[in-house]
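Note that the coordinates shown come from a computational prediction; the quantities given were computed from them, not determined experimentally. These numbers come from the heavy atoms of this one structure, side chains and all, not from hydrogens, waters or symmetry mates. Protein chains get the first letters and strands the later ones, always in sequence-line order, with residue 1 at the start of each.
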Amino acid sequence: MKQFTKKEMAPKYEHKSVENGKYEYWLKNRFFESGDISKKPYSIVIPPPNVTGKLHLGHAWDTTLQDIISRYKRMQGYDVLWLPGMDHAGIATQAKIDAKLKAQGISRYEIGREAFLKVAWEWKDEYAKTIHSQWAALGLSLDYTKERFTLDEGLNNAVLEVFCSLYNEGLIYRGERIINWDVEAKTALSNIEVEYKDIEGAFYHFIYPLVGEEGGLEIATTRPETMFGDSAIMVHPDDERYQKYIGKSVYIPGTNRIIPIISDEYVERDFGTGVVKVTPAHDPNDFEVGNRHNLPRIICMNEDGTMNELAGKYQGMDRFECRKQLVKDLQELGLCPSIEKMTHSVGHSERTGVVVEPRLSKQWFVKMQPLAEDVLKMQSKPETRIDFIPERFNKTFSTWIENTQDWCISRQLWWGHRIPAWYRGDEVIVSKICPGDDWKQDEDVLDTWFSSGLWTFSTFGWPEKTALLERYTPTDCLVTGYDIIFFWVARMAFQSKHFMNERPFKKCMIHGLIRDEQGRKMSKSLGNGVDPFDVIEKYGCDALRYFLTTNSTPGQDLRYSEEKIASSWNYINKIWNISRYIQMNLINYNYNDEAIDYTKLSSIDKWLLNKLNRVIDGVNENFEKYEFGEASKLIYNFVWDDFASWYVELSKVTFNDEASDKVNTCAILKEVITTILKLLHPYMPFVTEEIYQIFNEGSIVVSDWPTVYNIIDHSNDYKVDKMLNIITSIRNMRVNNNVAPSKPLTMIIDAKEDDVNFLEQHKAYLKRFANYETLSFDNEPSKEQAQVIVLDDLNIIIPLKELIDLEKEKERLNKEFTRLTNEVTRSSNMLNNPSFTSKAPQAKVDAEKEKLEKYKQQLNEVENLLKSLEAMYE
RNA sequence: GCUCGUUUAGCUCAGUUGGUUAGAGCACUUGCCUUACAAGCAAGGGGUCGGAAGUUCGAGUCUUUCAACGAGCACCA
């Protein structure tokens, strides 16, 4: 038997003492561990956070959503596997470690690959520790027995397997292409790692002097420094202005290097001067032109963005420094006739922020077209597709897949999966193992997204045929932000389709970005980031989680608001105090954990349980649609309005009545608070566990999700509502007329017999909440009595003239009169419209008829009241 | 240029298949320390749903169009 006195509740919610020790308790009892094969499996993989630093508010949001799903499904009786893990985050982590070494005056090239990797692993261990403690602080129900790291042995093996297979199938190739080069990180990037920003730049016009004759041709460029890599200039073959020059040559201005004038239809005659410099090694379009015309590919820059020996006197200068100096020099030589201001979009490295340099380089690529086609086929059928929530992201996803280009996967980094390609002279072998002593392995590593693309199956032991794979894949749901659909979701889709012949997950819930209170993106440079763990310190984890998951809608951004976190705290405090009240009464009335006696339910008990049933249904419905905000509102309104403001208040009458059945009221209070706690547990795991254990044995984590109560008798619900309306109306009248709640009134109620009987039986409630001196029931009230309250078919009469502000009351009634007149007109018009009565569903028509009747009756009552008031004026 | 999102109360946001009088939190007004909670209780005030047109018996919800803001993609010699 439960001892309700065993734990004393603080007078208000104290998040620290509530949260203290709970996570350890859950872990110790292994509630989060999966593997009960008697249950149906449900699996989610965490989007592995980078081991570059601490988790931010976005992580807190993303993981809390997953935790809600996990806890809900677990309580519903599923064998839930929420798989945790982290991402080595190649370029991001390496950049951090480089910076750390630099601070110590060391360069990674000095210490070499092996020593660098040792530092990197130490870094990883340190941050993994931090992340683990943060997951704990967030209360995440992760199954740590299945935790993986993208660079662990098993996952590395999966990556090598995938690379070799794709290579053998001809879907990975090595080639010289123009790639996006990050001069800071000194590595290639994929197309989507480049962010384009509109930059205030210039269109520089230069004269390329003709060889052997006077004059020259004027070209315009945004990147003057690349002229040292020019291998031609070109014009449109049909351009009459320049036809005569085709086949002749020009000097690169300021140098004596000679390049030919060629013609190509790629040139747009109307753009710029109609003459274009061709720099095949520094521009993707020029690269194509160069191929067509067999032009040399000349690289004029070093890997770090400085100019190389081809730049002559500018050698060693940074590209932008060179640009400035070069323009100045050519102006002096009269070879730069004009500079136009121009805004154009310039690619920046998503990671380091520097301007990306298009550059010719030999890299590894994934041939995307065949893989993309398979994904599109998969997406075309409902039974095989990834279903995005909200729905519109299906289109975003497919459009991107349709237009995807080959993916540059090699990175000139050390921290990552080393490419399993081996070289001996011109020979290349792709193999997981070294083919022999005289073979040298590729120095490069793979794009970090290459390994995270395998996350939904590599983590379950692939390429081995494991029981985990069999049981938990495809995973049921993935939760992530719309900002990484292309980076990650798309890659998981094609890898999973190709290697598992399955979608990686059935549902993909997309959320937005978290913004600051002004609506700006949270970023390091603005310094407007909010540390979730500061919030937890101040308001507790539950308040943070509740804020994050109930103030957002799928796919939409979320604005941080401390005010809303504070009101989440208030809500928790409310629940805390309701619980205190219940505990107090269970103790006072020696409640011994008796079950509810359903044969003894009062009308009010049924009214409450019927409402709770609707809440349970609504919560289930919304949870299935990932509408956690909508679900939370249903619970909130029930808790605050129906339960706290009404039932709990009404229960005080029951407890004060010596004749009443207190045991059943106790049983209902305990049952209802327990159900509320269960419904809220996914949102606020700590406080619900704390309170649950005051009223129940065991842990709420593994308790059963609420099911609807078998209460089918709704017959008196409307009478309860009527009674509550009477109370509200009288309270309203008191406020309007400055009648103190403490002033007892003489009340006469005019009602139908059935209602009178009900009200008579529940007089005690009217006594307490409407505070009558005398109460009588009369269907023919005397004219001298002031009629001030109208309610459905009930008149509540307060015969104390002196208490009533006649002017105010008249004003109120006139307003009411206008409103009702309008409603009657609207409703009559509707019902007189044959189109409505013939076309609308019968139920809607009937409902409208009922409404009209009600309005008419109310209008009639208001009219009578107004007459009575006027009589009183005289 | 293309695609998508947003525009609803003073502020921040909900509003699922078109169907009563459009909701919440915070803020505001009035009255209350009522033995769970003053970070509370009770009762209120406040929006015609960005503009226009259309479909429909009926539009915050569907269509077209315009505007502002935001995002993604493409182009950029």
Indicate whether OP1 or OP2 belonging to [N] is found under 4.0 Å from a side-chain N or O atom of [X].
X      : N     : result
A/K652 : B/A36 : yes
A/W640 : B/C41 : yes
A/R734 : B/A42 : no
A/K564 : B/C13 : no
A/K633 : B/C13 : no
A/R826 : B/U21 : yes
A/Y571 : B/A24 : no
A/N637 : B/G23 : no
A/S645 : B/A42 : yes

Q | Any-strand Watson-Crick or G-U partner of B/G58, both distances under 3.5 Å | A |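 Per the H-bond distance test, none.
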Q | Watson-Crick or G-U counterpart of B/A42, or none if no pair lies under 3.5 Å | A |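 In the structure as shown, B/A42 has B/U30 as its Watson-Crick or wobble partner.
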Q | Euclidean distance for P, B/A22 against B/C41 (whole angstrom) | A |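 Nearest-Å result for B/A22 against B/C41 at atom P: 26 Å.
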**Q.** P spacing across the pair B/U61 / B/U7, given as an integer number of angstrom
**A.**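 Comparing P positions in B/U61 and B/U7 gives a spacing of 12 Å.
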Q) How far apart are the closest heavy atoms of A/Y242 and A/T273, and which atoms are they? A)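 In this case the closest contact between A/Y242 and A/T273 is OH-O, 2.7 Å.
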Q. Where along nucleotides 58-65 of chain B does protein come under 4.0 Å, by heavy atom, of base (B) or sugar-phosphate alone (S), with - for untouched nucleotides?
A. --------
Q. Would the number of heavy atoms belonging to other residues, nucleotides or ligands and lying under 6.0 Å from CG of A/D270 be above 12?
A.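 No, because the 6.0 Å sphere around CG of A/D270 holds 12 heavy atoms or fewer from other groups.
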Q) If you count the non-hydrogen atoms of other residues, nucleotides and ligands that lie under 6.0 Å from CD in A/E402, is the total more than 12? A)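 Check passes, neighbour count above 12.
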Within the 4.0 Å heavy-atom criterion, would you say [X] contacts the bases, only the backbone, or no part of the nucleic acid?
X      : result
A/I578 : base
A/S345 : base
A/T553 : sugar-phosphate

Q) Are side-chain N/O atoms of A/N577 and A/R580 paired as donor and acceptor at under 3.5 Å? A)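 Side-chain D/A pair, A/N577 to A/R580: present.
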For nucleotides 43-49 of chain B, which of its nitrogen or oxygen atoms have a protein nitrogen or oxygen under 3.5 Å away, and what is each distance?
{"unit_1": "B/A43", "atom_1": "O2'", "unit_2": "A/N732", "atom_2": "OD1", "d": "3.3"}
{"unit_1": "B/G44", "atom_1": "OP1", "unit_2": "A/N732", "atom_2": "ND2", "d": "3.2"}

**Q.** Flag, side chain of A/D230 to backbone of A/K277, donor-acceptor distance under 3.5 Å
**A.**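 Side chain of A/D230 to backbone of A/K277, a donor-acceptor pair under 3.5 Å: no, none is there.
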